[in-house]
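Notes follow once the structure below has been shown.
Chain letters run A, B, ... following the sequence lines, proteins first and then strands; every chain starts at 1.
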There are 2 protein chains.
Amino acid sequence: MGRKSLSEARTNEILDAFGRCIIKYGLDTSLEQVAEEAGMTRSIIRHYIGNREEVVNTLIERVTHDYLNTLQRLGDGIPDEKLIDLLLDYLFGGLPDYDAVDKLILDILMTAKNRYPVAKQRLRDLFTHIITLLANDFQRLYSHNTPDKCREVAYGVLCLAMSNESFVWIGMDAQHHVMARQQAIYLIESLH
Amino acid sequence: MGRKSLSEARTNEILDAFGRCIIKYGLDTSLEQVAEEAGMTRSIIRHYIGNREEVVNTLIERVTHDYLNTLQRLGDGIPDEKLIDLLLDYLFGGLPDYDAVDKLILDILMTAKNRYPVAKQRLRDLFTHIITLLANDFQRLYSHNTPDKCREVAYGVLCLAMSNESFVWIGMDAQHHVMARQQAIYLIESLH
DNA sequence: ATATAAATTGTCAACTATGACAATTTATTT
DNA sequence: AAATAAATTGTCATAGTTGACAATTTATAT
């Protein structure tokens, strides 16, 4: 008996709203404001997720999971010669269904640092995974390079992608997307 | 008559303390906490600088100014063939008197975004200046390249430096400094 | 030593955020 | 329609933050 649980749906609405708030106001947006953005009361947030720390951790959990997942499945069924292009499109925002939100959130979450130790750990894991993932692709495509060299380039590409996102976000002209992508290509070409 | 003004010294103490707080707790550290860190009361902060927004803006002003200044004077009296190394040392943290704080603050301030419009503007200006500065050096050293190409590489190097700083900060091993620096060299070599 | 400018301390009211929990409403099954 | 589990709303006490300003103390030039 009793009624159907809305837990999953509500949780998603809350995290979505929180994400939008973070983009607009930063990680320290009050739960009150998040509730307003989501069109619900703070009590509901408390009911479905919990206190502030739990909300933050839940969000980071979701965002990092989704990001890695998307990146992992990106190459499925794609011929090798198109893989690099696709990866770059994703990392530098040229993809049609590209979800800006996730990357923006990631960028902002970098400020979680000491205040949210779980977040810090999660982000480190995420970036480490991304590097490994990219490095593996490079290794397969340009197999005469050492694993270390592949990792180095992967790290470089990731740096370019992340910074670029931040820069464009503070209002530097979108042209920079193209520049960053081009620099990433130079790095990858050093593997040829 | 009256007593000597401590304005300048106090202002510096406050901004220093604020910087340390931001590193530890984020941009939204309360002025109360900043005061504690600085070993004074909040009233003093209010007296010497003003309200929250003024404190934030003053800090950003100082940090961006100092950063650009240091970078600008870096090449003074340095022979061309050592310039690149020196720039890279500064950007990737190999310099002995390198002041980590400024770069960390910069990284954190990237979250100011919409909340502090003045900050956003200042950061944009700062980064634009840095790019121009680097691009000019590249142009002088490798003059057969187009200005656009030089700018592109400058942007890439800046992205590498900034991201790298963030990554190391969230706890990724310091080895990455070396990797980022190496990638920057690859980019610059594309100008040879 | 005294006038004076500036430093420093202290206090207050208004506002906001949070956590906890009680009370009520709604949907669903039997 | 009655039972029940979950959703939703509402309220409260507590604590923290901020801005404003009054009161006091301290150093310095004359």
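Contacts of A/R46 with the nucleic acid, taken as non-hydrogen atoms under 4.0 Å apart, include base atoms.
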Practice task
Summarise protein proximity over nucleotides 25-30 of chain C in one line of letters, 5' to 3': B for base, S for sugar-phosphate only, - for none, counting protein heavy atoms closer than 4.0 Å.
Solution key: -BBBBS
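Residues of residues 47-55 of chain A having a heavy atom closer than 4.0 Å to DNA chain C, listed by number: A/N51, A/R52.
Among residue pairs with one or both ends in residues 167-192 of chain B, those qualifying as salt bridge (charged side-chain N to carboxylate O under 4.0 Å, His left out) are B/D85-B/R181, B/D89-B/R181; sequence neighbours excluded. Listed by first then second residue, pairs satisfying ring-ring contact (aromatic ring centres under 6.0 Å, His included) with a partner in residues 40-60 of chain A number zero, not counting sequence neighbours. Residue pairs meeting the salt bridge (charged side-chain N to carboxylate O under 4.0 Å, His left out) criterion with at least one member in residues 141-154 of chain B: none, sequence neighbours excluded. Under the salt bridge (charged side-chain N to carboxylate O under 4.0 Å, His left out) criterion, the residue pairs touching residues 26-39 of chain A are A/R20-A/E37, A/K24-A/E37, A/D28-A/R115, A/E32-A/R42, with sequence neighbours excluded.
The side chain to side chain donor-acceptor pair (under 3.5 Å) search around B/D16 returns B/R62, not counting sequence neighbours. Judged as a side chain to side chain donor-acceptor pair (under 3.5 Å), and not counting sequence neighbours, the contacts of A/E61 are A/R122. For A/D125, the side chain to side chain donor-acceptor pair (under 3.5 Å) criterion is met by A/Q121, not counting sequence neighbours. With sequence neighbours excluded, no residue satisfies salt bridge (Lys or Arg N to Asp or Glu O under 4.0 Å) with A/R46.
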Identify every side-chain donor-acceptor pair in residues 71-83 of chain A under 3.5 Å, counting partners at least two apart or on other chains, and give the distances.
{"from": "A/R73", "atom 1": "NE", "to": "A/N69", "atom 2": "OD1", "distance (Å)": "3.0"}
{"from": "A/R73", "atom 1": "NH2", "to": "A/N69", "atom 2": "OD1", "distance (Å)": "3.4"}
{"from": "A/D80", "atom 1": "OD1", "to": "A/R140", "atom 2": "NH2", "distance (Å)": "3.0"}

Please produce a list of atom pairs where a protein N or O lies less than 3.5 Å from an N or O of nucleotides 10-15 of chain D.
{"from": "D/dG10", "atom 1": "O6", "to": "A/S43", "atom 2": "OG", "distance (Å)": "2.7"}

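In this structure, CD1 of A/I14 is placed 10 Å from P of D/dT8, rounded to the nearest angstrom.
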